[in-house]
Amino acid sequence: MPELPEAETIVRDLQRKVTGRTITGTKVMHPDILGTQLTPPRLSRALKGKSIQRVERRAKKVVLRLTDELVLVISLGMTGRVVASKAERARDLRHVAVRFDLDDGSALLYDDARRFGSIEVYTTERWQQRQTSLGVEPLSDDFTAERLVAMTRTSISPIRNWLLDQTRVSGVGNIYAAEALYRAGVRPTRRANTITRAEAARLRDALREVLIASIEARGTSISDYRDVDGVEGGFAARLYVYDRAGLPCLKCTTPIKRVVFTNRSAFYCPQCQK
DNA sequence: AACGCGCCCTGTCCGC
DNA sequence: TGCGGACAGGGCGCGT
């Protein structure tokens, strides 16, 4: 579920709420969301007494920088939520997998119905190493049209699949791939290496615009996504194509198409996207 | 090497 | 009301 804007929304809230807090305890209800090698006692031992120095985002991941060069990385999978225990809506959480107790008496809850998410602990060095397999951040200055063109030349994959591959551009998922391709006027089925320079320039701009607009709206809540206070994001109302199969295109009224490939739905306007 | 598939797991919705 | 199937913001490991 959560893509870059949802992770970014969670991170910004956590920066305010938990920066400077110390982890006093960890309770694991569903050990299967821990990374391989990591067991509940190991997690507990690693985190106890560590303070949260900074909260960052990398791709779709929530990254907590702790004292002693430790990095706590939360991948949200499809249904992962990070919710403050104080949030009134915390009562709605029916699938809490891990609870992090903090020194102010509050707690952070990781809730995940499908348990596709994961929680991992790295040293700063190992996290640095791990990040090398994640592609360029689409909101960074490094993400230029030139670079996008160069990266797509060697790929015969449909551009939608290409965008979902986190090793080239990171943070884009199925919703924002669909929305950016709509805004850029490019069909999701187009082979990456057939994207023209002009299309790549539009796609680069569209990706940044849609990601920024969604961050401003605090993310997209189709069904599961909630912020740290348990509140839905507002961007679902601003989607042009995602989850709008059969509904009229908001620019030309042509019915939006849904096609399935690589086991995932893609949505597009057959009139506006070529 | 790059690509697509199957699978991980639970919940919801829709047709019968 | 129950039941089966399709589907869901992700990503890993595998075979080709």
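The chains referred to below are lettered A, B, ... by the order of the sequence lines, with proteins before strands, and numbering in each begins at 1. Just the heavy atoms: all of them, side chains too, but no hydrogens, waters or symmetry mates, feed the values below.
Among A:F235, A:Y182, A:F267, the single residue meeting the ring-ring contact (aromatic ring centres under 6.0 Å, His included) criterion with A:Y242 is A:F267.
Using atom P as the reference point in both B:dA1 and C:dG11, the two lie 23 Å apart (nearest Å). Here the separation of C:dA6 from B:dG6, taken at their P atoms, is 13 Å to the nearest Å. The same atom, P, is picked in B:dC7 and in C:dG5; the two are 15 Å apart, to the nearest Å.
A salt bridge links A:K17 to A:D229: one of the charged nitrogens lies within less than 4.0 Å of a carboxylate oxygen. A salt bridge links A:R12 and A:E8; the closest N-O separation between the charged side-chain nitrogens and carboxylate oxygens is under 4.0 Å. Taking a cutoff of 4.0 Å between a charged side-chain nitrogen and a carboxylate oxygen, A:E146 and A:R197 qualify as a salt bridge.
Closest to the A:S223 side chain, of the nucleotides C:dG9, B:dG4, B:dC3, is C:dG9. Residue A:R258 places its side chain closer to C:dA8 than to any other of B:dG11, C:dA8, B:dG4. For A:R168, the side-chain atoms get nearest to B:dC3 when compared with the rest of B:dC3, B:dG4, C:dG9. Across B:dC5, C:dG9, B:dC3, the shortest atom-to-atom separation from the side chain of A:D224 is found for C:dG9. For A:N174, taking side-chain heavy atoms from C-beta onward, the closest of the listed nucleotides C:dG9, B:dG4, B:dC8 is C:dG9. With B:dG6, C:dA8, B:dC3 as the candidates, the nucleotide lying closest to the side chain of A:I156 is B:dC3. When distances are taken from the side chain of A:S157 to each of B:dG4, B:dC9, C:dA8, the shortest belongs to B:dG4. You'll find that the side chain of A:R114 is closest to C:dA8, out of C:dA8, C:dG9, C:dG11.
We find that CD of A:E3 is positioned 9 Å from P of C:dG11, with the value rounded to whole Å. What separates OH of A:Y225 from P of B:dT12 is a distance of 20 Å, to the nearest Å. One can place CG of A:L239 at 14 Å from P of C:dA8, the figure rounded to the nearest angstrom. Counting to the nearest Å, the P atom of C:dG10 and the CG atom of A:L4 are 12 Å from each other. Rounding to whole angstrom units, CD1 of residue A:I159 and P of B:dC3 are separated by 11 Å. One can place CG of A:D111 at 17 Å from P of B:dC9, the figure rounded to the nearest angstrom. Rounded to an integer number of Å, the gap from A:F116 CZ to B:dC7 P is 12 Å. Rounded to whole Å, the distance from CG on A:L164 to C1' on C:dA8 is 14 Å.
Taking only side-chain nitrogens and oxygens, A:R115 comes nearer than 4.0 Å to OP1 or OP2 of B:dT10. Taking 4.0 angstrom as the limit, A:K60 places a side-chain polar atom (N or O) nearer than this to OP1 or OP2 of C:dG11. Considering only side-chain N and O atoms, A:H95 lies nowhere under 4.0 angstrom from the phosphate OP1 or OP2 of B:dC9.
Not a single donor-acceptor pair, N or O on each side, falls under 3.5 Å between the base of C:dG9 and the side chain of A:T79. On a pure distance criterion of 3.5 Å, no polar donor-acceptor pair joins the side chain of A:R264 and the base of C:dA8.
Among the protein residues, A:S265 comes within range of the sugar-phosphate backbone only, with heavy atoms under 4.0 Å from sugar or phosphate atoms but none that close to a base. Here A:N161 lies in heavy-atom contact (under 4.0 Å) with sugar-phosphate atoms only. Residue A:S155 is classed as a sugar-phosphate contact, given heavy-atom separations below 4.0 Å to backbone atoms only. Within the 4.0 angstrom heavy-atom criterion, only backbone atoms of the sugar-phosphate kind lie near A:Y242; the bases stay farther away. Using a 4.0 Å heavy-atom criterion, one finds that A:P5 contacts no nucleic acid atom at all.
When each of A:N263 and A:W162 is assigned the nucleotide of DNA chain B bearing its nearest heavy atom, the one mapping closer to the 5' terminus is A:W162. Heavy-atom nearest nucleotides on DNA chain C were determined for A:F267 and for A:Q166, and the one closer to the 5' end corresponds to A:F267.
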Item to check | Chi angles and distances behind the side-chain hydrogen bond (donor to acceptor under 3.5 Å, both in side chains) call for A:Y176, A:T220 | outcome: CA-CA 10 Å; A:Y176 301 108; A:T220 302; 2.6 Å; yes
Item to check | Verdict with supporting geometry, A:T167 and A:S133, side-chain hydrogen bond (donor to acceptor under 3.5 Å, both in side chains) | outcome: CA-CA 6 Å; A:T167 68; A:S133 61; over 6 Å; no
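In this structure, A:R160 is positioned above the aromatic face of A:F261, its NZ or CZ under 6.0 Å from the six-membered ring centre and within 45° of the axis.
Nucleotide C:dG9 is shown with a syn base, its glycosidic torsion being within 90° of 0.
In this structure, C:dG5 forms a base pair with B:dC13, meeting either the Watson-Crick or the G-U wobble geometry with both donor-acceptor distances under 3.5 Å.
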